[in-house]
Structure formats: C-alpha cells, structure tokens
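A short worksheet on the structure shown next.
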Amino acid sequence: MEFRDLKQQYNTLRAEIDMAVNKVFSNTDFISGKEVSELEQQLADYVGVKHCISCANGTDALLLALMVWGIKPGDAVFVPDFTFFASAEVIAATGATPVFVDVMEETFNISPESLTDAIENVLREGKWKPRAIIAVDLFGLPADYEKIRTIAQTYHLLLLEDAAQGFGGMIGGKKACSFGDIGTTSFFPAKPLGCYGDGGAVFTDNDEWAACIRSLCVHGKGKDKYDNIRIGMNSRLDTVQAAILKVKLKAFRQYELERVNAAAKQYEELLGKTGCRVPAVPNDFCSGWAQYTVVLQSEELRDRMQIRLKEKEIPSLVYYKKGMHEQEVFREVRQYTGLVQTENLCKTVLSLPMHPYLKREEQERISEVFRKELC
Ligand SMILES: *Cc1c(COP(=O)(O)O)cnc(C)c1O
C-alpha cells in the first residue's frame with residue numbers, strides 16, 4: 001500500500017503526460033514556454049483570482065509575498081505553531097520575527113483567540129511592529145478566514161494564505177488560495193496538485209503586487225531580464241512542470257478532488273466507531289485532503305498504532321512531531337501565547353494513506369488494524 005500513490009496516478013495519466021512533456025522536449029522552450037502562461041491562466045480561473053504567478057516552489061511563493069510587502073527586521077509576522085517549517089522559515093529569512101500562534105484542537109488550524117492574544121501581547125511589549133498573518137490550510141482544510149480576516153482588519157495586518165496543502169479546499173463556493181491578500185501554493189509531488197519536481201504559485205487580485213512579484217521572480221527585472229530595478233531571485237516554474245500540471249489539473253478538477261472527498265467519507269464511517277478522532281470539517285467547508293490525520297488518545301497509543309500498521313505493511317506518518325517553537329533553530333524565539341494544543345497534537349496525531357486512487361479494500365484493511373487495537 002502507498003501513502004500517496006503517485007505511480008498509479010502516472011499510469012492513469014501516462015499517455016497525456018508523456019505527450020505533453022515530449023512536446024516541450026521538441027520545442028526546447030524549457031524556461032517560460034507557452035505552457036507556463038497557459039497554466040497560470042487556468043489556475044487563476046480555477047481559484048477565482050485575477051493573477052497567478054508561478055514560481056520554483058511553495059517556499060519561494062511565501063517568500064515572494066513577504067518580499068513584495070517589504071517585510072523586514074523589526075516586523076512581527078504571526079504564524080501557526082503547528083505547520084511545516086517553511087511557513088515560519090520565510091519570516092525569519094526576511095529578518096522579521098516569527099510569532100508562533102496556537103491552533104484549534106478540532107481543525108488543526110490557527111486559533112483566532114490565540115492569534116488575538118499574541119497580537120495584543122506583541123503590541124503591549126512594543127518591541128516589534130505587527131505587519132502580517134500567515135494562515136495555513138493545514139492538511140487541506142481552509143483556516144477560519146472569516147474570523148482571521150476580521151482580526152487582520154482590526155489590527156491593520158496583511159493576510160497571507162499558505163495553501164501549500166490547501167489547493168482544492170473551499171469555504172462556501174470560494175476556493176483556497178483566494179482567502180488572503182495573497183495566497184500561495186506548492187506543487188511538490190505529494191501535495192494535492194503536485195508536479196514531477198518542485199513548483200509553486202502565488203495568487204492575488206492586486207495588480208501592483210502581481211507585477212512586482214513577476215519582477216522579483218526574474219532577478220528584479222525591469223523592461224527585460226537585463227534591466228534590473230530591484231533585488232529579486234531566480235524562481236520560475238519549468239515549462240516541463242507546467243505541461244505536466246496542465247494534465248494533472250484537468251484530472252484534479254474532473255475526478256481527483258471528488259475521490260479524495262469520497263475516501264474521507266469512507267474513513268469517517270470505518271474509523272469513527274473505533275474511538276480515534278477523525279478530522280472535523282466545519283459546515284460549509286471542503287477539504288482538499290492533503291493528509292488524512294486522526295488523533296489518538298495518547299502518545300503511547302499513537303506510537304503503538306503506527307507499529308501495528310507497519311506490521312501489516314501499511315504506511316503512516318506523523319505530521320508534525322514538533323511545533324515551530326520546539327525546533328532547534330527557533331529555540332530562542334520568544335513566545336507570546338500558550339502553545340498547548342500544538343504540543344498535544346504533536347504527541348497524538350497520525351496521518352494515514354490518502355490519495356485519489358485509494359481503494360475501499362485498503363481502507364477496510366486499515367480500519368481493521370484500528371478496530372483490533374482500540375475496540
Ligand atoms: C510543503 C509546504 C510548504 C513549502 O512548499 P515547497 O514547495 O516544498 O517549498 C509551505 N507550507 C506548507 C504548509 C507546506 O506543507
């Protein structure tokens with residue numbers, strides 16, 4: 001059994017993907033070929049924003065957003081403690097101070113109460129200037145943007161949606177990557193929409209920021225690549241990756257997103273009765289299911305479950321073992337709010353196989369292991 005079955009996905013889409021990459025090989029326009037702009041247009045239409053700028057990976061996408069906003073030393077940027085390292089790494093990379101915020105036990109996403117608490121405490125201390133919030137759509141579920149947006153407005157903060165795991169998620173009819181002032185995603189192979197290497201994208205409705213990000217991606221170009229008007233970087237999506245993504249986006253829209261949601265429903269039925277906590281999806285929310293993550297009653301039980309699954313050759317992973325504040329490099333970073341939920345989740349979460357090609361029999365085998373151990 002595969003944790004995320006990319007081989008089966010390739011076998012399904014093989015004819016179309018091979019044709020698409022062969023076309024790029026013959027045209028040899030490996031950088032900035034027409035597939036790149038075509039993909040960007042399709043992604044912008046799907047997400048429902050004006051601009052999509054593709055780039056080299058999801059980490060660069062976040063960094064580009066912070067760069068265009070001029071985030072700098074002395075600024076504070078709020079980020080959930082329970083996330084992948086890159087969400088916080090980019091803040092430190094600009095020289096700004098990451099402020100870790102606790103998450104909600106049920107959704108794993110940033111807690112509005114903890115966020116307000118952290119902002120108030122930073123303001124009270126007066127050492128850093130609050131500038132932005134990075135909200136993460138963890139495991140595919142959009143964060144609570146209605147509440148977060150209100151907080152951003154109250155304190156005049158910019159809102160960045162890290163939808164690296166969130167592509168395909170929705171609140172009402174509105175799609176992930178459209179909830180922030182800027183939204184970003186990643187096309188790392190194991191993400192909901194993955195390419196065959198690294199890739200990422202930035203989404204925004206703001207014309208000025210979009211133009212600036214396009215420049216930042218190509219060495220701060222002005223009129224052309226050899227006219228340089230700002231310090232940027234080299235961060236582009238290859239034409240080959242764009243060609244692959246165009247095929248995969250079609251499958252994602254036609255059936256993949258639907259299938260992961262059906263698989264989640266199956267899991268809920270099968271595992272709900274065994275006593276582990278299955279992921280909550282609030283009313284009106286839709287997840288892209290980057291991960292299917294259950295919560296066990298204790299660390300000891302979680303670790304034992306993982307061993308039992310492994311005995312049956314079922315892969316499982318712990319996302320994440322450490323909160324940001326527990327990472328060695330952030331040890332000295334001051335904490336402005338309690339981070340108890342993150343600490344608890346790090347001990348009790350377990351992510352199970354999840355992808356559009358997961359079979360009902362495989363899910364039954366997994367739930368059998370849970371039933372034996374927990375019931
Ligand atoms: C994967 C991920 C990123 C970084 O994306 P890369 O393409 O690997 O650079 C950022 N944030 C979150 C939450 C992620 O899961």
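As the structure lists them, so they are numbered: ligands from 1, and atoms in each ligand from 1.
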Are Glu368 and Arg365 ion-paired here, with the side-chain N under 4.0 Å from a carboxylate O? no

Do you reckon Met104 sits in the same ILVMFWY cluster as Ile151, going by side-chain contacts under 4.5 Å, direct or chained? no

Identified side chain to side chain donor-acceptor pair (under 3.5 Å) partner of Tyr357 from the options Glu2, Glu256, Gln8, Arg259: Glu256

Does a side chain donor of either Gln42 or Lys250 reach within less than 3.5 Å of an acceptor in the other side chain? no

Classify the side-chain pair Glu35/Thr239 by whether it contains a donor and acceptor separated by less than 3.5 Å. no

Could you go through ligand 1 and list every pair where one of its N or O atoms sits under 3.5 Å from a protein N or O, giving the atom names and the distance to one decimal?
{"residue": "ligand 1", "atom": "5 (O)", "partner": "Ser186", "partner atom": "OG", "Å": "3.4"}
{"residue": "ligand 1", "atom": "7 (O)", "partner": "Gly58", "partner atom": "N", "Å": "2.7"}
{"residue": "ligand 1", "atom": "7 (O)", "partner": "Ser186", "partner atom": "OG", "Å": "2.7"}
{"residue": "ligand 1", "atom": "9 (O)", "partner": "Gly58", "partner atom": "N", "Å": "3.3"}
{"residue": "ligand 1", "atom": "9 (O)", "partner": "Thr59", "partner atom": "N", "Å": "2.9"}
{"residue": "ligand 1", "atom": "9 (O)", "partner": "Thr59", "partner atom": "OG1", "Å": "2.5"}
{"residue": "ligand 1", "atom": "11 (N)", "partner": "Asp162", "partner atom": "OD1", "Å": "3.3"}
{"residue": "ligand 1", "atom": "11 (N)", "partner": "Asp162", "partner atom": "OD2", "Å": "2.8"}
{"residue": "ligand 1", "atom": "15 (O)", "partner": "Gln165", "partner atom": "NE2", "Å": "2.8"}
{"residue": "ligand 1", "atom": "15 (O)", "partner": "Lys191", "partner atom": "NZ", "Å": "2.7"}

So, Tyr336 versus Glu125: side-chain donor-acceptor pair below 3.5 Å or not? yes

